Protein chains: 2
Amino acid sequence: MTQKVTIHDVAQQAQVSVGSVSRALNNYPHVSEELKSRVMAAALELDYQPAFLAHGLRRGQTNSVGFLVGTIANPVISTIFEAASEALSAKGYAVTLVSSRNQAELDVACLRLLARRQVSGLIVSSAAESPEPARRYLGELGIPTVMLDREATSDELVFAVQSDHESSMREAVAHLIRRGDREIAFIGGPEDFYPTRQRFLAYQAALLDADLPQRPELIRFTSFNERAAYAEALLLLQSRPLPSALIVAGNIILAGALMALQDLGLVVGRDIALVACDDINLTRLYRPPITAIRRDLKLLGVTAARLLLRGMQAEHSEIERIIKLPTKLVLRESTQYARALPRSAPAAGKERANGTILN
Amino acid sequence: MTQKVTIHDVAQQAQVSVGSVSRALNNYPHVSEELKSRVMAAALELDYQPAFLAHGLRRGQTNSVGFLVGTIANPVISTIFEAASEALSAKGYAVTLVSSRNQAELDVACLRLLARRQVSGLIVSSAAESPEPARRYLGELGIPTVMLDREATSDELVFAVQSDHESSMREAVAHLIRRGDREIAFIGGPEDFYPTRQRFLAYQAALLDADLPQRPELIRFTSFNERAAYAEALLLLQSRPLPSALIVAGNIILAGALMALQDLGLVVGRDIALVACDDINLTRLYRPPITAIRRDLKLLGVTAARLLLRGMQAEHSEIERIIKLPTKLVLRESTQYARALPRSAPAAGKERANGTILN
DNA sequence: GCAAAAGCTGAAAACGATTTCCGACAGCTT
DNA sequence: AAGCTGTCGGAAATCGTTTTCAGCTTTTGC
């Protein structure tokens, strides 16, 4: 219906065979200039666009990539997606996005859907750190895949782009300790979720560096769900003594924690220092502005896209399979003054209201 | 490569012809139980999944829909998308998302891309109120389309789901006026952008209702770009006398305005009342919480999906072509106290810190 | 008990492109 | 002038399905 004009119409219009039309349009060698121009003219006049399905069926490839996310309703993911999608569509690929709705058990189903559509490549940033089935299925699939801020697999066709969560988290914790904080709480996502794990490891390492004990009651892991994060934060913040600093690993958890702080009448920066992971509008615009670990989300997306493009071009051998991108600690007022210290003695001179970027 | 097992393999395994396999798998009438079960067993054993491309080519439909947005990196859009996408994939449709990057001139190109992929349906929520070319192209395409919170067209295959921006905006302005505000500023997106226009019309109407004059210097339109919104807000807030209330029509504009307020040292709720459109994390969690016009974004997405599904089922005649969904005004502290009134006399008893939902 | 109808299945024709195969023709060389 | 080489373009095979057609077997109706 929609696609009325076929290659046959063009052939008839140009008075040549369909094979010639195909060759002319696809820049094959040994096509005379005269024929080529005649075909071009006919194609242009009829506004011919080769049928995607027939093309793909014959060629065995779809020029489309699948993007699996846990949810797209998350500013971090959607920014990454936007950048990746732009880079991919610039190279002629269309992107079909599927969401597993943060349910690990749906991951395989989503991947099957994409595989059935014969996507040429995959970018996976499913929220659930797909325990095993999904990872194994990914290997069997044999489709070039980029894991986005997720654990890589040993598969030859599976690549990864990751953020260096650790260095900035160590820096953040060290900064808090330098300020005088001793009771530093940590709320993360699921414990087996790659970014959470990396951040938590760094948190532990930083405490160890400073010879501070790890306090289990100050460490919480929660699911990706504001309500759950709120509940955990509420429990944590009702324990006494109140920790002097709180690190939240993820923007949904940040939302839950802010809600809990608000309900308990605690003021960020005055009653408790706050460090967030991922610098979003909320951290920047909140009063007081919230110290955050920032990463270049667009770069993350574009890098994933580029890596995938290379991965789809069959020369996998000499590609570096894992790329790690830097993060930056942005200091803001939420860690400037704190209960633990006299208000007149901010920790360091290098902090400014708008946030100084270290690293 | 990827798709190794074809219908022929299944046919061979089950010792039947390919036609029978197809019929058995697609629940055709007049297929014996025995044959069906044999085919099922074979298909299951071989893990057969019909090749999407061949299927689509033959059937003339792709069971996929295109979703055009101006940007997905916007919490409102991404939430709507998520809901729509979920509803569509429940019915077996895959969704390919393309972003025109807020550039109206790219709209047609994006639509062409989707049309070439022979999507069965379209949902369009491009940020640019596509002047004419895109709308006309949409008509020519002949693909069932749902405009999402955009102006409808008269085309038979073009439907629309819209939010009732007007009633809540009138209510909001009336509320401000009741509080005592007389100088109510308005910053909107592009003037020809559907939601902006609706909101602005309601703003005008509410002023008229109260016999208040319209003050051109308090009305600004800006592009969808935080920097531009920031600049407009800065100019507006530097004019004297300072308006006692500010309405921002859109979440990007909200971010720019908050930045400007912050840079000018103005405190929301104390120095100026603030009303936002779209209730996002930021409005809820900001201190003080910001009064906002809320709409059920998931419902918006699901409704668009349902409407499209009906639109794709060929019986267009008796479908209502435009659906309008309600909005709600959520009162919060940002409009509770204001310069214009003595602090001891909050406007109404029905406001609570957490926001009371009217309407 | 027999014609007609209905049920079931295999063979083959689509769908619209790409790609292989092969013959025609021009331009050379011997 | 015959034979060879290389370019060009038409015909046909192919991709993996669905769907039509036709043939065979069974049931049904009278």
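Protein chains get the first letters and strands the later ones, always in sequence-line order, with residue 1 at the start of each. Remember, predicted model here, so these are calculated numbers, not experimental data.
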(request) Return the residues of residues 34-44 of chain B meeting this criterion: a heavy atom under 4.0 Å from some atom of DNA chain C. Order them by number, or give none. (result) L35(B)

(request) For residues 70-121 of chain B, pull every pair meeting ring pair (Phe, Tyr, Trp, His ring centres under 6.0 Å), keeping only residues two or more places apart or in separate chains. (result) F67(B)-F81(B)

(request) Drop me the distance from L141(B)'s CG to R136(B)'s CZ, to the nearest 0.5 angstrom. (result) 13.0 Å

(message) If I take atom CD1 in residue I7(A) and atom P in nucleotide dA12(D), what distance separates them, rounded to the nearest angstrom?
(response) 17 Å

(message) Rounded to whole Å, how long is the line connecting atom CD of Q61(A) with atom C1' of dA17(C)?
(response) 13 Å

(request) To the nearest 10°, let me know how far the axis at one end of the helix from dG1(C)-dC30(D) to dT30(C)-dA1(D) is tilted from the axis at the other, five pairs an end. (result) 50°

(request) Figure out the NE2/P separation between H8(B) and dA11(C), and round it to whole Å. (result) 11 Å

Listed pairs, N/O of protein and of nucleotides 27-29 of chain D, under 3.5 Å:
none

(request) Could you check how far CZ of R117(B) sits from P of dA17(C), rounded to whole Å? (result) 15 Å

(message) Once salt bridge (charged side-chain N to carboxylate O under 4.0 Å, His left out) is applied, what residue pairs with a partner in residues 60-75 of chain B remain, sequence neighbours excluded?
(response) none

Protein N or O to nucleotides 13-15 of chain C N or O, pairs below 3.5 Å:
unit_1	atom_1	unit_2	atom_2	d
dA14(C)	N3	R58(B)	NH1	2.8

(request) Name all residues meeting the salt bridge (charged side-chain N to carboxylate O under 4.0 Å, His left out) criterion together with E34(A); count only those two or more places apart in sequence or in a different chain, and write none if there are none. (result) R38(A)

(request) Check the angle between the aromatic planes of F52(B) and F52(A) and answer parallel, tilted or perpendicular using the 30° and 60° thresholds. (result) tilted

(request) Identify, with sequence neighbours excluded, every residue that meets salt bridge (charged side-chain N to carboxylate O under 4.0 Å, His left out) alongside R101(B). (result) E86(A)

(request) Output yes when at least one side-chain N/O atom of S32(B) is less than 4.0 Å from OP1 or OP2 of dG7(C), else no. (result) no

(request) Not counting sequence neighbours, which residues clear salt bridge (charged side-chain N to carboxylate O under 4.0 Å, His left out) with R112(A)? List them please. (result) D47(B)

(request) Take the protein atom NE2 of H55(B) and the nucleotide atom C1' of dG16(C), then report the distance between them rounded to whole Å. (result) 16 Å

(message) Output the rounded distance in Å from CZ (F52(A)) to C1' (dA17(C)).
(response) 12 Å

(request) State, yes or no, whether a side-chain contact exists between L97(B) and T96(A) at a heavy-atom distance under 4.5 Å. (result) no

(request) For S17(A) and for L53(B), locate the closest nucleotide of DNA chain D by heavy-atom distance; then report the residue assigned to the nucleotide nearer the 5' terminus. (result) S17(A)

(message) Quick check against the 3.5 Å criterion: does R23(B) have a side-chain atom that pairs as donor or acceptor with the backbone of V31(B)?
(response) no

(request) Provide, to the nearest angstrom, the distance between the CD atom belonging to Q49(B) and the P atom belonging to dT17(D). (result) 11 Å

(request) Mark yes or no for whether R135(B), through its side chain, and E151(B), through its backbone, hold a donor-acceptor pair below 3.5 Å. (result) yes

(message) Quick check against the 3.5 Å criterion: does R150(A) have a side-chain atom that pairs as donor or acceptor with the backbone of Y194(A)?
(response) no

(message) Applying side-chain hydrogen bond (donor to acceptor under 3.5 Å, both in side chains) as the test, list every pair that has at least one member in residues 63-73 of chain A; sequence neighbours left out.
(response) T62(A)-S64(A), T71(A)-E82(B)

(message) For S17(A), give me all partners under side chain to side chain donor-acceptor pair (under 3.5 Å), at least two apart in sequence or on another chain.
(response) S20(A)

(message) Without decimals, in angstroms, what is the distance between Y48(B) OH and dG16(D) P?
(response) 10 Å

(request) Give a yes or no on whether the backbone of Y28(B) and the side-chain of N26(B) come within a donor-acceptor separation of less than 3.5 Å. (result) no

(request) Kindly state which residues belonging to residues 21-31 of chain B come within less than 4.0 angstrom of DNA chain D, counting heavy atoms of the residue only, listed by number. (result) S22(B), R23(B), N26(B), Y28(B)

(request) Look at the side chain of S20(A) and decide which nucleotide, out of dG10(C), dG10(D), dG16(C), has an atom nearest to it. (result) dG10(D)

(message) For a side chain to side chain donor-acceptor pair (under 3.5 Å) check, start with the C-alpha distance between Q118(A) and Q61(A), then their side-chain angles and the critical distance, and finish with the verdict.
(response) CA-CA 7 Å; Q118(A) 289 179 250; Q61(A) 46 147 251; over 6 Å; no

(request) Indicate yes or no: at least one non-hydrogen side-chain atom of V76(A) is less than 4.5 angstrom from one of L297(A). (result) yes

